[in-house]
Amino acid sequence: MISHESLWQFGDKIWQQEQARQICLLMQDQYSIDPNLLLLAILMEHEHMFLDGARFTTLRKAKDEWEERMVGPYRQLRKLAKTSLPEDSYRQMLEVELVMEKRSQRLMVKALQHLKVEAEGDNLTACLQAHDLNPGDLPSELLGQLSELFDLASQMINQPQLRAVQ
């Protein structure tokens with residue numbers, strides 16, 4: 001079973017890769033897909049744990065209220081403050097946002113523990129469906145980038161120094 005700490009460590013390793021970070025942010029900004037949910041989908045796929053779109057919707061909803069009430073408004077404030085604050089103050093805001101993101105991940109992992117997982121499936125499609133998207137709704141170039149993100153993550157997980165994340 002995936003723990004909130006393993007998801008956090010996995011996400012941190014993936015986030016350090018510029019290409020992966022840019023794809024996740026693009027999905028967040030243009031399609032409102034939460035990077036944490038996308039990262040969970042990737043980690044689950046590696047663990048041979050699959051959910052359908054309805055179950056991914058359950059995971060999304062598990063953290064939506066928290067995100068809408070706390071993380072979203074805080075993120076907007078941080079972005080507005082970026083040009084008005086000294087660098088160290090802005091970094092402190094980023095650190096607070098990370099704590100909030102960690103809480104979002106905890107909420108998703110807690111919800112996951114109560115869901116029936118399958119041994120086969122397509123987590124990318126299911127994750128998109130949880131956001132009322134179908135793969136055909138996305139430009140083919142972006143679908144290719146998402147596939148590359150899944151592949152990159154799989155390669156990273158299989159690197160010896162990252163196996164401790166599991």
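We find the CG-CD distance between Asp52 and Gln129 to be 8.0 Å, quoted to the nearest 0.5 Å. Note: Leu59 CG to Gln105 CD = 12.0 Å, rounded to the nearest 0.5 Å. Of the inter-residue distances, the one linking Ser104 atom OG with Leu7 atom CG reads 10.5 Å to the nearest 0.5 angstrom. Remark: Arg103 CZ to Asn36 CG distance equals 13.0 Å, nearest 0.5 Å. Atoms CG and CD1, on Leu149 and Ile42 in that order, are 3.5 Å from each other to the nearest 0.5 Å. A distance of 12.0 Å separates CZ of Phe10 from CE of Met44, quoted to the nearest 0.5 Å.
A continuous path of Ile, Leu, Val, Met, Phe, Trp and Tyr side chains, each step under 4.5 Å between heavy atoms, connects Phe150 with Leu152, placing both in one hydrophobic cluster. A chain of hydrophobic side-chain contacts below 4.5 Å, direct or via other Ile, Leu, Val, Met, Phe, Trp or Tyr residues, connects Leu138 to Leu39. Under the 4.5 Å side-chain heavy-atom criterion for Ile, Leu, Val, Met, Phe, Trp and Tyr, Leu115 and Met1 are members of the same hydrophobic cluster. Taken together through direct or relayed side-chain contacts under 4.5 Å among Ile, Leu, Val, Met, Phe, Trp and Tyr, Val117 and Met108 form part of one hydrophobic cluster. Linking ILVMFWY side-chain heavy atoms closer than 4.5 Å, directly or via other members, places Leu107 and Leu43 in two distinct hydrophobic clusters.
Closest of all the heavy-atom pairs between Cys24 and Leu38 is SG-CD2, 4.2 Å. Scanning all heavy atoms of the two residues, the minimum distance from Met27 to Leu128 falls at CE-CD2, 4.0 Å. Taking every heavy atom of both residues into account, Arg60 and Asp64 meet most closely at NH1-OD2, 2.7 Å. Contact record, Trp66 with Met100: NE1-O, 3.1 Å, taken as the closest heavy-atom pair.
Two residues are said to be in side-chain contact when any heavy atoms from C-beta on lie closer than 4.5 Å; Asn123 and Phe56 meet this criterion. Contact check for Gln22 versus Leu26: no side-chain heavy atoms found under the 4.5 Å cut-off. Put simply, the side chain of Val99 does not reach to within 4.5 Å of the side chain of Val96, judged on heavy atoms. Within the 4.5 Å cutoff, no side-chain heavy atoms of Glu118 are placed close to those of Leu51.
Listed by first and then second residue, the side chain to side chain donor-acceptor pair (under 3.5 Å) pairs that reach into residues 25-35 are Asp34-Lys63, sequence neighbours excluded.
Between Glu95 and Arg91, none of the side-chain N atoms (NZ, or NE/NH1/NH2) sits under 4.0 Å from a carboxylate O, so this pair counts as no salt bridge. A salt bridge links Glu5 to Lys102: at least one charged side-chain nitrogen sits closer than 4.0 Å to a carboxylate oxygen.
A parallel orientation is assigned to the rings of His46 and His48, their planes being inclined by less than 30° (bins at 30° and 60°).
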Which pairs of donor and acceptor atoms, one on a side chain in residues 139-146, lie under 3.5 Å apart (sequence neighbours left out)?
none

Quick one: side chains of residues 71-85, donor-acceptor pairs under 3.5 Å with protein atoms, not counting sequence neighbours, listed by atom name and distance.
| from | atom 1 | to | atom 2 | distance (Å) |
| --- | --- | --- | --- | --- |
| Tyr74 | OH | Met93 | O | 3.2 |
| Arg75 | NE | Glu97 | OE2 | 2.7 |
| Arg75 | NH2 | Glu97 | OE2 | 3.3 |
| Arg75 | NH2 | Glu101 | OE2 | 2.1 |
| Arg78 | NE | Glu97 | OE1 | 2.2 |
| Arg78 | NH1 | Tyr90 | OH | 2.6 |
| Arg78 | NH2 | Glu97 | OE1 | 3.1 |

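A donor-acceptor contact shorter than 3.5 Å is absent between the side chain of Asn134 and the backbone of Asp137. At distances below 3.5 Å, at least one donor-acceptor pair connects side-chain atoms of Asp122 with backbone N or O atoms of Leu124.
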For Arg106 and Trp8, run side-chain contact (heavy atoms from CB on, under 4.5 Å): C-alpha distance rounded to whole Å, both residues' side-chain angles, the deciding distance at 0.1 Å, then the answer.
CA-CA 9 Å; Arg106 282 180 187 263; Trp8 183 257; over 6 Å; no
Apply the test salt bridge (charged side-chain N to carboxylate O under 4.0 Å, His left out) to residues Glu65 and Arg69: give CA-CA distance (whole Å), side-chain angles for both, the deciding distance (0.1 Å), then the verdict.
CA-CA 6 Å; Glu65 182 180 352; Arg69 280 191 0 216; 3.1 Å; yes
Check against side-chain contact (heavy atoms from CB on, under 4.5 Å), Met49 and Leu112:
CA-CA 10 Å; Met49 299 170 63; Leu112 175 62; 4.3 Å; yes
